[in-house]
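A short worksheet on the structure shown next.
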There are 2 protein chains.
Amino acid sequence: METSEAVDDYLKAILELGGAEDSRVTTNALAERLGVRTPSVTGMLQKLASQHPALVRYERYRGVRLTANGKRRAWELVRHHRLIELFLHDVLKYSWDEVHEEAERLEHFISERFEDRVAAILGDPEVDPHGHAIPPKHEAGPYRAEVPLVAWPLHKPAVISSVSDRNAVALRELERLGLMPGVALTVEQSTPAAFAVRVQARSSPVRLGNDLAGYIQVAATDRRP
Amino acid sequence: METSEAVDDYLKAILELGGAEDSRVTTNALAERLGVRTPSVTGMLQKLASQHPALVRYERYRGVRLTANGKRRAWELVRHHRLIELFLHDVLKYSWDEVHEEAERLEHFISERFEDRVAAILGDPEVDPHGHAIPPKHEAGPYRAEVPLVAWPLHKPAVISSVSDRNAVALRELERLGLMPGVALTVEQSTPAAFAVRVQARSSPVRLGNDLAGYIQVAATDRRP
DNA sequence: CATATTGTTTAGTGTCAGCTAAATTTCTAG
DNA sequence: CTAGAAATTTAGCTGACACTAAACAATATG
């Protein structure tokens, strides 16, 4: 019952494309995310379903979903990924935009021991450098009420909760603009193509295209006393 | 001109089996070392020779040797391996016998950047936890006058220069016996099957089987003033 | 509600790196 | 210097996991 590198990639992708909420994930979406053609996805899903029925539920023409086991395994990989990202950033002094690619490669090959030691060194951290929650060992990621910035109402105060780690160029740009997790902002203006957000402690509003804005997730400002 | 994980393994194995001194390495020896059948080795060598003629020189029935390029690449991998071992030991607090297996997996997947950062954190170290020299970046490993303990003359003072990292069980045993790099000793007695060595700062001689002794390399005591 | 478009699956290939069985070459001992 | 043993290579397969082209479902629109 080993699980190969490729299988791992599929499980993680399914999780990140909606499997976390038990929704069906389509062949197309997977192909897109994994940078692979759709027939390859079909083939892999069939194999996955027949060889690891405990991990996924697959129905012809209707997509896949993860079983409880499948979710556990996928969250484990996400934990690996995010721990490695934080480790690269904090210990090996990688910059924000450099960590994803390396983590993506390494996450498949580290042992339990490596995971544990890294977590210990980092003090059992809860958030990675992009603001994503690091799920505790053996647990699913916590639910967090994130909303894409592009769907946030005008003028309502928000905090950037996370940014996607998948595009290094975009990350560099976001950093330059001061748009990082924890930063408070309000949306001043939004057109189909662009955005103006007012960032706390910045005199003039920041303008950014929809493409960039798409990488940002926000949440309501937390005002517990 | 990419070089795959498997190719890397072959290059490193060739180096470690004598390629470092330009001697021919046999199909058999490679198969043994890599845990693979001989026909697989033949196949791989043929492919290697035809696709990467700049790395190896292969002659049917007469083994392989590394070219200058091949050696450079192989030493790079050795550097990776040893840096990772030291890193796991010093930073992640792995024990002596745990580092090899993990390093063996990770060495293929780390980037230049990872290598550089780790080297920096460790202060450009020169020796790994088993006493093996870490070759400087872009250079071949230094020549070191090591001799297998089993070939060392009786009563002549020696220092353990390195121990093989490839057998975790043996490593634990050696640690228990206090036989680690840097330890001074003399061989008191040797039979075809066993050994008695007197270790500095130990009252009674240590007895060890030829199998264990085979993992130890020694050098003449250095007495530069 | 029939057809066009989109999404998904089947069929057939290719590459990589391993394997076994059998043929061949080289080495070694008498 | 030749027979037998040992080492190496060839031939032919296997299992992953990708791909293209073509068939087939599902959905969306006029």
Side-chain angles (χ1 to χ4, degrees), chain A residues 1-14 17-19 23-66 70 73-74 77 104-105 107-109, chain B residues 1-14 17-19 23-66 70 73-74 77 104-105 107-109:
Chain A
M1 288 293 155
E2 273 301 289
T3 135
S4 77
E5 183 183 348
V7 166
D8 285 351
D9 282 336
Y10 277 82
L11 292 176
K12 188 152 76 89
I14 296 168
L17 289 172
S23 45
R24 293 193 296 103
V25 174
T26 69
T27 304
N28 244 0
L30 279 171
E32 158 92 50
R33 158 73 59 131
L34 293 169
V36 137
R37 302 297 193 156
T38 46
S40 309
V41 173
T42 300
M44 196 65 200
L45 290 181
Q46 289 172 341
K47 183 189 163 185
L48 200 45
S50 85
Q51 291 184 6
H52 303 277
L55 297 178
V56 298
R57 192 102 347 189
Y58 167 63
E59 278 176 282
R60 242 153 110 269
Y61 290 107
R62 1 200 69 260
V64 243
R65 38 182 33 129
L66 295 172
R73 178 83 187 106
L77 292 162
E104 193 75 7
R105 250 179 301 116
E107 63 184 1
H108 300 292
F109 308 108
Chain B
M1 290 293 156
E2 273 301 289
T3 134
S4 79
E5 183 182 348
V7 166
D8 285 352
D9 281 336
Y10 277 83
L11 292 177
K12 188 151 76 89
I14 296 168
L17 289 172
S23 46
R24 292 193 295 105
V25 173
T26 70
T27 305
N28 243 1
L30 279 170
E32 159 92 50
R33 157 75 57 133
L34 294 168
V36 137
R37 301 298 194 158
T38 47
S40 309
V41 172
T42 300
M44 196 65 202
L45 290 182
Q46 289 172 341
K47 185 186 162 186
L48 199 46
S50 85
Q51 291 185 5
H52 303 278
L55 296 179
V56 298
R57 192 104 346 191
Y58 167 63
E59 278 175 283
R60 242 151 113 269
Y61 291 106
R62 2 199 71 258
V64 242
R65 37 179 37 127
L66 295 172
R73 177 86 187 104
L77 292 163
E104 193 74 8
R105 249 179 303 114
E107 63 185 2
H108 300 293
F109 308 108

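Sequence lines set the chain letters: A, B, ... in the order given, protein chains first and strands last, and positions in each chain run from 1. None of these values were measured; they are calculated from a predicted model.
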Task: Spacing between A:E59 atom CD and D:dA26 atom P, to the nearest angstrom - done: 11 Å

Task: Rounded interatomic separation in angstrom, taking CD from B:Q51 and P from C:dC16 - done: 6 Å

Open item on the list: Looking at every non-hydrogen atom in both residues, tell me the closest pair between B:A13 and B:L34 and how far apart they are.
Closed with: CB-CD2, 3.8 Å

Open item on the list: Whether A:R60 contacts D:dA26 is assessed here as follows: a side-chain N or O lying under 4.0 Å from the phosphate OP1 or OP2. Is that the case?
Closed with: no

Open item on the list: Looking at C:dT10, I'd like to know if its phosphate oxygens (OP1 or OP2) sit under 4.0 Å from a side-chain N or O belonging to A:Y61.
Closed with: no

Task: Protein-nucleotide distance (A:Y58, atom OH; C:dG7, atom P), rounded to Å - done: 16 Å

Open item on the list: With a 4.5 Å cut-off on side-chain heavy atoms, are B:V56 and B:L11 touching?
Closed with: yes

Task: Protein-nucleotide distance (A:R37, atom CZ; D:dT20, atom P), rounded to Å - done: 4 Å

Open item on the list: Quick check: do A:K12 and A:E104 have side-chain heavy atoms less than 4.5 Å from each other?
Closed with: yes

Open item on the list: What's the closest nucleotide to the side chain of A:P39 if the choices are D:dA21, C:dT20, D:dT8?
Closed with: D:dA21

TODO: Could you identify which residues of residues 40-47 of chain B place a heavy atom less than 4.0 Å from some atom of DNA chain D, listed by residue number, or say none?
DONE: B:T42, B:Q46

- [ ] Ignoring backbone atoms, test whether A:T27 places a side-chain nitrogen or oxygen under 4.0 Å from the OP1 or OP2 oxygen of C:dT9.
- [x] yes

- [ ] Would you mind reading off the distance between B:H52 atom NE2 and C:dC16 atom C1', rounded to a whole angstrom?
- [x] 12 Å

- [ ] Compare side-chain N and O positions of A:N28 against OP1 and OP2 of C:dT6 and report whether any pair is under 4.0 Å apart.
- [x] no

Task: Residue among B:T42, B:V36, B:V64 satisfying side-chain contact (heavy atoms from CB on, under 4.5 Å) with B:L30 - done: B:V64

Open item on the list: Does a side-chain N or O of B:S4 approach OP1 or OP2 of C:dC16 to a distance below 4.0 Å, or not?
Closed with: no

Open item on the list: Side chains of A:V7 and A:M44, heavy atoms from C-beta outward: is any pair under 4.5 Å?
Closed with: yes

- [ ] Compare all side-chain heavy atoms of A:H108 with those of A:D9 and state whether any distance is below 4.5 angstrom.
- [x] yes

Open item on the list: Nearest whole Å is fine: how far is D:dA16 C1' from A:D9 CG?
Closed with: 14 Å

Open item on the list: Does any part of the side chain of A:V41, heavy atoms only, come nearer than 4.5 Å to the side chain of A:N28, both counted from C-beta?
Closed with: no

- [ ] Quickly work out the A:L48 CG to D:dA18 P distance and round it to whole Å.
- [x] 12 Å

Open item on the list: Judged by each residue's nearest nucleotide on DNA chain C, which is more toward the 5′ side, B:T38 or A:A29?
Closed with: A:A29

Open item on the list: For C:dG18 and B:Y10 - does any side-chain N or O of the residue sit under 4.0 Å from the phosphate oxygens OP1/OP2?
Closed with: yes

Open item on the list: Tell me the interatomic distance from A:L30, atom CG, to C:dT8, atom C1', rounded to whole angstroms.
Closed with: 12 Å

Open item on the list: Once you apply a heavy-atom cut-off of 4.0 Å, does B:R62 come out as touching a base, just sugar-phosphate, or nothing?
Closed with: nothing

